[in-house]
2 protein chains.
Amino acid sequence: MCETLRENIKQKLENGDYNCEKELTLSIISGKYKVVILWHLGVEGPHRFSDLERLFNHVSHKTLSNQLKELIDDGIISRKVYPEMPPKVEYDVTELGKTLVPIVEMMYDWGKKRISQLKEEGIIGS
Amino acid sequence: MCETLRENIKQKLENGDYNCEKELTLSIISGKYKVVILWHLGVEGPHRFSDLERLFNHVSHKTLSNQLKELIDDGIISRKVYPEMPPKVEYDVTELGKTLVPIVEMMYDWGKKRISQLKEEGIIGS
DNA sequence: CAGCATCCTTCAAGATACTG
DNA sequence: CAGTATCTTGAAGGATGCTG
């Protein structure tokens, strides 16, 4: 739902085709790992590529790489390369990205509460 | 990104496989029209199927129908049928759904601000 | 009016292999 | 270590037609 939804929204914006305010936000955070990436960077600070890779057990290089690239394109995170061998790259949230973190945190809190509820109702195991 | 991502998350929850708090929230609001549906129902009140259809110029019956069904499954919105001819069906947010509306509103506000910024920077037309 | 069934398109994400 | 390139696939979403 990413590359093209994102492109799509951008085009709609360029055409002044609204109803998009929320779609824009959604288009930025939609993507299997983006919210979680943002949460870790926003709450815990900068991470290296391999750190992020470890956080998501089964993500492929390419997928993680793409998600990061899109977040960079959208101005949400930054990429800092240390000229070393072996290479070291750190990702961090930008100023713009920081304004998005509260939303991610609310999503986190909501999800946590919802999971507790579901457990109390016996719908999911504890 | 919906039906199966959603199923996937549910299974992960059942297995106690975490990292999911935010994924749960995202899995519920991901879907091309869900955030916008939620916003309209949450902010403006109940809507009929055809009202919603009119809000999204190019949505197909099936797609809208699916999005609504999934939101109902997740307990976010309710469906009320009036026994009339022709049929009348109203959708509204549930109590649970109401707790999600603030997040949607924040997404709306963030998107609006971001769009203004982009306009000021001359990146998109006004 | 509301919505289901069927078929079809397209695109996000995975697998795998290679590079500075 | 941190990527890119290519190829494949599964599933979200669209189009169309039928029904109570």
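Every chain is numbered from 1, with letters handed out A, B, ... down the list of sequences.
In terms of phosphate contacts, Ser50(B) brings a side-chain nitrogen or oxygen within less than 4.0 Å of OP1 or OP2 of dA2(C). For the pair Arg48(B) and dC1(C), the criterion of a side-chain N or O lying under 4.0 Å from OP1 or OP2 is not met.
The shortest distance between side-chain heavy atoms of Ile37(A) and His47(A) does not fall below 4.5 Å.
Distance, Leu71(A) CG to dG3(D) C1': 17 Å, rounded to whole Å. In this structure, Gln67(B) places its CD atom 17 Å from P of dA11(D), rounding to the nearest Å. Nucleotide dC1(D) holds its C1' atom 17 Å from the NZ atom of Lys80(A), rounded to whole Å. Per the geometry, CG belonging to Asp51(A) stands 12 Å off P belonging to dG3(D), to the nearest Å. The distance from atom CG of Leu68(B) to atom C1' of dG13(D) is 14 Å, rounded to the nearest whole Å. If you measure from atom NZ of Lys88(B) to atom C1' of dG20(D), you get 19 Å, rounded to the nearest angstrom. Summarising the geometry, the separation between CG on Leu64(A) and C1' on dG14(C) is reported as 13 Å, rounded to the nearest angstrom. Rounded to an integer number of Å, the gap from CD1 of Ile72(B) to C1' of dA2(C) is 12 Å.
Two residues, Met85(A) and Ser60(A), neighbour DNA chain C, and the one matched to the more 5' nucleotide by heavy-atom proximity is Ser60(A).
Of the candidate nucleotides dC1(D), dA13(C), dG14(D), dC1(D) has the atom nearest to the side chain of Pro86(A). Listed nucleotides dC1(D), dA2(C), dG13(D) differ in distance to Pro87(A); the shortest reach to its side chain belongs to dC1(D). The side chain of Tyr33(B) sits closest to dG14(D) out of dG14(C), dG14(D), dG3(D).
Residue contacts shown for Tyr91(B) are limited to sugar-phosphate atoms, with no base heavy atom under 4.0 Å away.
Applying the salt bridge (charged side-chain N to carboxylate O under 4.0 Å, His left out) test to every pair with at least one member in residues 75-93 of chain A, sequence neighbours left out, gives no pairs at all.
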Show each protein N/O and nucleotides 4-8 of chain D N/O combination with a separation under 3.5 Å, one pair to a line.
unit_1 : atom_1 : unit_2   : atom_2 : d
dT4(D) : OP2    : Ser65(A) : OG     : 2.8

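Classification of the Phe56(A)-His40(A) ring pair by plane angle, with boundaries at 30° and 60°, yields perpendicular.
Contact check on Asp109(A) versus Lys112(A) returns no salt bridge, with no Lys/Arg side-chain nitrogen under 4.0 Å from an Asp/Glu carboxylate oxygen. Here Glu70(A) pairs with Lys34(A) in a salt bridge; the nearest charged N to carboxylate O distance falls below 4.0 Å. Taking 4.0 Å as the cut-off between side-chain N and carboxylate O, Glu53(A) and Arg48(A) do not count as a salt-bridged pair.
Looking at residues two or more places apart in sequence or on another chain, you find a side-chain hydrogen bond (donor to acceptor under 3.5 Å, both in side chains) between Thr63(A) and Ser60(A).
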